[in-house]
Number of protein chains: 2
Amino acid sequence: MESCEMKKVLILGAGTMGLQIGVLCGASGFEVTIFDAFPEALNRAEARVGKLAHRLADHNRFAREKVAGALQRIRFSSDPEDAGKDADFINESVPEDPRIKAEVFARFHKICPEHTIFTTNTSTLIPSMIAEATGRPDRFLALHFHDCETTNVVDIMPHPGTSEAALEAVRGFCTAINHFPIELKKEQPGYVFNTMLSEWMGAALSLASKGVASVEDIDRAWMGIFRSRFGPFGIMDSIGLETVYKVTAYWAGRKNDPRGQKNAAFLKEYVDRGDLGKKTGKGFYSYPEPEYLSKEFLKGIY
Amino acid sequence: MESCEMKKVLILGAGTMGLQIGVLCGASGFEVTIFDAFPEALNRAEARVGKLAHRLADHNRFAREKVAGALQRIRFSSDPEDAGKDADFINESVPEDPRIKAEVFARFHKICPEHTIFTTNTSTLIPSMIAEATGRPDRFLALHFHDCETTNVVDIMPHPGTSEAALEAVRGFCTAINHFPIELKKEQPGYVFNTMLSEWMGAALSLASKGVASVEDIDRAWMGIFRSRFGPFGIMDSIGLETVYKVTAYWAGRKNDPRGQKNAAFLKEYVDRGDLGKKTGKGFYSYPEPEYLSKEFLKGIY
């Protein structure tokens with residue numbers, strides 16, 4: 001906390017990402033408010049947040065002793081006035097629709113203090129799409145988290161109108177929550193990691209959807225040649241096939257890309273069957289012991 | 001050798017790949033002829049083959065005791081008649097030009113026995129482009145090696161006219177040289193691994209060439225989030241930036257792709273300076289101790 005003057009963090013959206021980020025902030029000593037416009041979403045969040053905090057500790061994101069303090073410092077609110085009036089810092093994880101995000105920020109702009117920094121955790125949009133609508137473009141930028149259980153890498157992505165002071169405040173916030181920022185010098189949908197990830201997964205999906213090779217052989221080629229613990233289809237199962245499908249279909253539609261559309265159709269068969277990956281016990285592989293983690297999988301490759 | 005009826009292997013082209021494959025075949029008990037039309041290329045090859053064989057043994061591709069036998073079983077020839085008249089199996093690594101490859105195969109078709117299987121080690125072409133020109137399309141397919149020092153994964157890629165018998169012979173050959181085949185069900189330029197690799201590298205190059213993030217931050221994002229020992233720029237330094245440049249420029253031209261052209265221009269600056277990667281001591285990183293392998297590189301990421 002020493003490196004950060006901000007004390008009160010407001011998380012917009014009580015989904016899994018919002019809760020994880022809220023817990024991380026609580027564990028780092030911030031006072032955290034988690035806001036959601038839907039009281040039933042808040043009720044679900046309150047019921048889940050303890051388990052999520054313990055899972056983050058299980059994954060060594062912070063010491064087990066910090067769980068209780070983190071939970072004590074988190075409160076829930078569905079009242080924008082109450083949630084926003086003394087926030088120093090906002091991170092937003094509401095649905096991935098620029099109109100919704102713009103409306104939410106415009107609303108909190110009227111409520112929040114002048115100094116409050118607004119950040120979006122968007123995965124697919126870029127800040128300049130909604131910067132003006134936030135009412136405070138100079139104090140607005142993207143701060144994007146990955147799966148908080150597995151990594152502390154975050155992306156910082158300003159738009160051309162973001163002030164140096166706001167950028168510096170976000171850097172300080174990252175230090176305070178013990179996260180490592182990859183700072184983008186230009187806006188890029190998908191940031192750095194996700195840009196590479198999605199092209200890599202897209203290439204793998206295209207090989208499978210065209211029938212060039214089996215899912216297993218595609219993973220085997222990557223794992224065998226690079227001595228990697230996983231290949232693209234194992235990773236997709238971990239991300240969740242519904243998420244991969246949605247992102248694939250979104251970009252295929254936006255870019256009018258036939259290859260992406262074919263990949264989306266390939267994924268949709270799994271999604272329609274309810275084979276969503278690791279979390280449902282079945283996706284490209286069957287869990288909890290997927291074939292790609294067995295000794296047999298790379299037998300003969302050395 | 002038990003699983004393979006073929007005894008005599010002819011390698012066309014005495015470059016690094018051809019020599020490595022020849023040594024692997026020799027170490028597995030095949031009688032090997034390495035052919036090159038240029039006597040000076042053969043002289044260079046004869047001078048290099050011993051060192052190459054020891055390097056393969058250093059990398060545990062076969063037991064050290066097999067080096068001497070492998071070298072004894074290899075002969076060099078620049079006489080097509082002499083090289084081809086009793087070959088059972090050909091693997092071709094001549095320059096990556098379909099006209100040259102077609103001419104070479106047509107010539108050896110007239111010399112070789114009826115039963116000889118013809119395979120191409122092409123990286124970028126597909127067999128159907130030259131199948132008819134070989135004179136024996138049914139006994140022709142691609143058998144593509146990766147860096148023989150680091151992996152025993154190979155790609156088998158038939159074209160629609162390849163016979164099942166030829167395919168089966170190539171499978172037996174892979175078993176005989178202790179290699180693991182990824183068998184493609186359809187033709188695909190770049191096969192399986194290289195298709196994914198080139199899209200992954202292309203995404204990384206595009207981020208750097210557009211100025212979105214630094215080479216180091218792009219590698220750091222991939223390595224930090226995936227706990228990988230390397231990122232795309234570290235890998236490109238290992239492949240060699242001239243090779244990456246040539247392949248990038250080739251596909252950018254063929255597909256008339258502005259992003260690929262920008263990536264090629266970005267790589268060309270390194271190539272023009274002579275910074276070709278690991279082998280010249282400098283590329284994206286400096287060798288023998290590149291920054292990405294230092295402890296500092298991922299400091300703060302956990």
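Quick note on labels: first sequence line is chain A, next is B, and so on, each numbered from 1.
No other option in K299(B), M201(B), R229(B) has as many heavy-atom pairs under 4.5 Å with chain A as R229(B). Here R227(B) is the residue among H146(B), R227(B), M157(B) with the most heavy-atom pairs under 4.5 Å with chain A. No other option in D147(A), L197(A), I218(A), D155(A) has as many heavy-atom pairs under 4.5 Å with chain B as I218(A). Most heavy-atom pairs under 4.5 Å with chain B: of the set A203(A), S228(A), G224(A), this distinction falls to A203(A).
Distance check, rounded to the nearest 0.5 Å: CG of D217(A) to CG of L184(B) gives 8.5 Å. The distance from the CD1 atom of I225(B) to the CD1 atom of I182(A) is 7.0 Å, given to the nearest 0.5 Å. Taking NZ of K186(A) as the reference point, atom NZ of K210(B) lies at 8.5 Å (rounded to 0.5 Å).
Heavy-atom distances place both the backbone and the side chain of S214(A) under 4.5 Å from chain B. Using a 4.5 Å cut-off between heavy atoms, L207(B) touches chain A through its side chain atoms alone. The contact between F226(B) and chain A is made by backbone and side chain atoms together, counting heavy-atom distances below 4.5 Å. Only the side chain of I235(A) has a heavy atom closer than 4.5 Å to any heavy atom of chain B. Only the side chain of Q188(A) has a heavy atom closer than 4.5 Å to any heavy atom of chain B. The contact between T195(A) and chain B is made by backbone and side chain atoms together, counting heavy-atom distances below 4.5 Å.
Using a 4.5 Å heavy-atom threshold, the side chains of V192(A) and R220(B) count as separate. Proximity of N152(A) to I301(B): side-chain heavy atoms (C-beta onward) are separated by under 4.5 Å at one or more points.
Ring geometry for F193(B) against W222(A) counts as tilted: the plane angle lies between 30° and 60°, on a 0 to 90° scale.
Surrounding CZ of R64(A) are more than 12 heavy atoms belonging to other residues, nucleotides or ligands, all under 6.0 Å away.
Shortest non-hydrogen contact noted between K185(A) and G211(B) is CB-O, 3.3 Å.
The only member of T151(A), V153(A), N60(A), N178(A) that meets side chain to side chain contact (heavy atoms under 4.5 Å, CB included) when paired with Y302(B) is N178(A).
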